[in-house]
> 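Please see the structure below; I have some questions.
Note on naming: letters A, B, ... go to the chains in the order of the sequence lines (proteins, then strands), and numbering restarts at 1 for each one.
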2 protein chains.
Amino acid sequence: MQVIQNQKQANKPIKTYINSCYPSLTKSEQKVADLVLEKMENVMYYSVTDLADMVGVGETTVLRFCRKIGYKAYQEFKLAIAKDQSNAQGEQQENDDENGKHETFISAIAANSISAIQETASMLDEAALEKAIEWIEKARSVHFFGVGTSGLTALDAKNRFLRIGRRTDAVIDSHIQAMTASTLTNEDVVIGLTVSGSTKDTIDSLKIARENGAHIISITYYARSPITKISDIVLLSGGKESPMEGGSLAAKIGQLFVIDLLCTGLALRTKDFSLSMKERTARSVLDKIY
Amino acid sequence: MQVIQNQKQANKPIKTYINSCYPSLTKSEQKVADLVLEKMENVMYYSVTDLADMVGVGETTVLRFCRKIGYKAYQEFKLAIAKDQSNAQGEQQENDDENGKHETFISAIAANSISAIQETASMLDEAALEKAIEWIEKARSVHFFGVGTSGLTALDAKNRFLRIGRRTDAVIDSHIQAMTASTLTNEDVVIGLTVSGSTKDTIDSLKIARENGAHIISITYYARSPITKISDIVLLSGGKESPMEGGSLAAKIGQLFVIDLLCTGLALRTKDFSLSMKERTARSVLDKIY
DNA sequence: ATTTTTTTGAAGAATTTATTCATATTCCCA
DNA sequence: TGGGAATATGAATAAATTCTTCAAAAAAAT
């Protein structure tokens, strides 16, 4: 096994080493140096033999060259070049990014999604979250109300809670929402989902639930929208979404993030139970996979 | 199979490749993977023999491991690690700077979600994405197949595409999937969703679709899982998820991100149409809000 | 219980890396 | 300008590493 001794500290470009040694290299070695400098990006894929042949010198000369510029062996030299190149490339890329020239829609979407999460985290009222989790824990039943895109999020929410053994219900049909709401009492919790905070169907259903005494938690982007007036707890989800871009990824991620916080928060409070339920639900789908 | 996956050019973290192949590795190979992940900074100084001895397996197994995660030879793998490490070092420092905050479960979940997005972006094969978008554009019909948690994602996908005026279908019942698949032809595209890449129902349905000539695109975390063998295009979604934590937020976000890329990519290609459709769908829900 | 398939590493072939040493070249001084 | 010391060079060869083949062992399927 080879030992690494020459801990070349910082990532100084190899070019520097070569240049600083250049005058002390022999003629043949300089030819090696020339080719290495010229083909910097590719050298790392050559073997000593390749390199020697390309330059037109013996392998020994190449070896001697490597040692003179400060590496113990050819392998070490090659490794150093590899690192070096990746740094160089990295810088190249950074520059491109800053110039905004290489900004593909991919990185734009990524940035957008990430900021939805950060936004949500920063807007979060931890006290409200705590309280919401407490209510959910104590509630006889928990219903997620949402229609349209937020209805899908309601289904996701139900799925998440089921995984930790908490049976909740997602109601995504406005009529059934209304009917369900009318059966609730102050032992129940309803979680309303709507990004705009203005979705008629959901709000109407929440009103009914509220009239029957149920606790209302809402997850919305708009802190001063109709839904907040009829909610006991408001959790804000990030990911700005204009009416024109309904169902955007950012908004969805914001909602999911809040739901995950509720779910994880609850799981932490009921650790043993949640864990065993996670295990059970996981095992239950085990024979569904190849 | 006309696979267009794993174009290994940019500086994508090797960790990612290893993780995404992990389940498809044999027991001995996984031992290799474990040690590589653990000793990432040093592996580049080991020879195959060293590494094999340290893990306690034959050199051949190490070689096989390298090939499975996508490198042609040990040298190439080592070179890649070297590049990777020099990048990682830089980032490490950046992260250290930020670590002044108190780490609640909130920031932990946020970090987890963010890295799911970053991971997905970094694993993304742009050529495959392009091709997928092209296929979707030309297809007579596009069906999303998924069951369980991935079924919900299929519904999200349908919703997203509908917003830009592309009627697609989400099929989340395995029987109906099978029946639907049997009606498809080579003019149709099916997009299979499964994080594990091993979901029986989905895979069985995809097989039927494939037999009938349909184009298969799959979105999965695991690069070498059963689903990839029957797919024409594989798009990897980030957000590692052990069997124990099915339906995790990170995995869901990874899937959604990929779907958004497809959707946005398509929208960019058919700009005018998509815009007008966005407007129409948005207006259609306008009288649903207060 | 038996066959088939997969997994595995030992043996050795092929390649790559490193060393030795004889020859070639350069340099210095008479 | 010639002769000898010093240096430079690569062919030959040794050492090491990488890679392949193949048969045995383990696991999976029947």
Side-chain angles (χ1 to χ4, degrees), chain A residues 1-6 14 18 21-36 39 42-82 286-287 289-290, chain B residues 18 21-36 42-82 197-198 200 203-204 207 222 224-226 228-229:
Chain A
M1 164 151 33
Q2 47 178 303
V3 183
I4 336 108
Q5 44 166 216
N6 214 355
I14 292 187
I18 299 180
C21 293
Y22 199 86
S24 75
L25 298 176
T26 69
K27 229 185 303 169
S28 301
E29 285 161 2
Q30 289 188 352
K31 280 198 285 179
V32 177
D34 291 341
L35 196 119
V36 168
K39 305 258 185 196
N42 300 315
V43 211
M44 65 191 202
Y45 303 116
Y46 305 157
S47 70
V48 231
T49 323
D50 290 343
L51 189 51
D53 282 357
M54 292 174 86
V55 180
V57 301
E59 304 169 11
T60 325
T61 305
V62 174
L63 259 293
R64 267 190 296 256
F65 161 78
C66 293
R67 301 225 166 102
K68 276 204 184 165
I69 66 168
Y71 298 94
K72 229 189 75 202
Y74 184 70
Q75 275 291 335
E76 211 178 271
F77 165 74
K78 226 165 69 171
L79 233 47
I81 294 236
L286 223 57
D287 69 334
I289 65 175
Y290 279 117
Chain B
I18 298 179
C21 291
Y22 199 87
S24 77
L25 298 177
T26 67
K27 233 184 302 163
S28 300
E29 286 162 1
Q30 289 188 353
K31 280 197 284 180
V32 177
D34 292 340
L35 196 119
V36 168
N42 300 315
V43 228
M44 67 190 200
Y45 302 117
Y46 305 157
S47 69
V48 232
T49 322
D50 292 341
L51 188 51
D53 283 355
M54 291 173 87
V55 180
V57 302
E59 304 169 10
T60 326
T61 303
V62 174
L63 260 292
R64 267 189 297 255
F65 161 78
C66 294
R67 304 231 163 96
K68 276 203 183 166
I69 66 169
Y71 297 93
K72 233 187 67 209
Y74 183 70
Q75 276 291 333
E76 211 179 272
F77 164 75
K78 226 165 69 172
L79 234 47
I81 293 237
S198 307
K200 274 181 191 161
I203 290 179
D204 289 346
K207 276 184 188 158
Y222 294 105
R224 298 174 54 86
S225 54
T228 63
K229 296 193 186 76

> Could you list the residues that satisfy side chain to side chain donor-acceptor pair (under 3.5 Å) with A:Asp34, not counting sequence neighbours?
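Testing A:Asp34 for side chain to side chain donor-acceptor pair (under 3.5 Å), a comparison that skips the adjacent residues, returns A:Tyr22.
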
> Check side chain to side chain donor-acceptor pair (under 3.5 Å) between B:Thr60 and all other residues, then give those that pass, not counting sequence neighbours.
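B:Thr60 satisfies side chain to side chain donor-acceptor pair (under 3.5 Å) with no residue once adjacent residues are dropped.
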
> Provide the start and end nucleotides, 5' to 3', of the part of DNA chain C that has atoms under 4.0 Å from heavy atoms of chain B.
C:dT7 to C:dA10

> Are B:Lys78 and D:dT18 close enough that a side-chain N or O sits under 4.0 Å from OP1 or OP2?
yes

> Near DNA chain C, which residues from residues 42-54 of chain A have a heavy atom under 4.0 Å away?
A:Ser47, A:Val48, A:Thr49

> Excluding sequence neighbours, so at least two apart, what forms side-chain contact (heavy atoms from CB on, under 4.5 Å) with A:Ser28?
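A:Ser28 satisfies side-chain contact (heavy atoms from CB on, under 4.5 Å) with A:Thr26, A:Val57, A:Thr61 only.
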
> Between B:Ala82 and A:Ala82, which heavy-atom pair has the shortest distance, and what is it?
CB-CB, 4.3 Å

> Take the protein atom OH of B:Tyr74 and the nucleotide atom C1' of D:dC19, then report the distance between them rounded to whole Å.
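One finds 13 Å between C1' of D:dC19 and OH of B:Tyr74, rounded.
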
> Give the table of side-chain donor-acceptor pairs shorter than 3.5 Å for residues 45-52 of chain A, with sequence neighbours excluded, one pair per line with atom names and distance.
from	atom 1	to	atom 2	distance (Å)
A:Ser47	OG	A:Thr49	N	3.4
A:Ser47	OG	A:Asp50	N	3.2
A:Ser47	OG	A:Asp50	OD2	3.4
A:Asp50	OD2	A:Ser47	N	3.1

> Under the salt bridge (Lys or Arg N to Asp or Glu O under 4.0 Å) rule, collect the residues that match up with A:Lys68, sequence neighbours excluded.
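If we apply the salt bridge (Lys or Arg N to Asp or Glu O under 4.0 Å) test to A:Lys68, skipping adjacent residues, the hits are A:Glu29.
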
> If you apply the rule side chain to side chain contact (heavy atoms under 4.5 Å, CB included), what do you find for A:Val55 with A:Val62, and how did you get there?
CA-CA 9 Å; A:Val55 180; A:Val62 174; 5.6 Å; no

> Under the rule for salt bridge (Lys or Arg N to Asp or Glu O under 4.0 Å), what residues qualify as partners of A:Glu59, not counting sequence neighbours?
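If we apply the salt bridge (Lys or Arg N to Asp or Glu O under 4.0 Å) test to A:Glu59, skipping adjacent residues, there are no hits.
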
> Is any side-chain heavy atom of B:Tyr71 less than 4.5 Å from a side-chain heavy atom of B:Leu79?
no

> Which residues pass the side chain to side chain donor-acceptor pair (under 3.5 Å) test with B:Arg224, sequence neighbours left out?
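Checked B:Arg224 against side chain to side chain donor-acceptor pair (under 3.5 Å); matches are B:Ser24.
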
> Would you tabulate the pairs of protein nitrogen or oxygen atoms and nucleotide nitrogen or oxygen atoms of nucleotides 8-12 of chain D closer than 3.5 angstrom?
from	atom 1	to	atom 2	distance (Å)
D:dT9	OP1	A:Ser28	N	3.0
D:dT9	OP1	A:Ser28	OG	2.7
D:dT9	OP2	A:Thr26	OG1	2.1
D:dT9	O5'	A:Ser28	OG	3.3
D:dG10	OP2	A:Gly58	N	3.2
D:dG10	OP2	A:Thr61	OG1	2.7
D:dG10	N7	A:Arg64	NH2	3.3
D:dA11	N6	A:Thr60	OG1	2.7

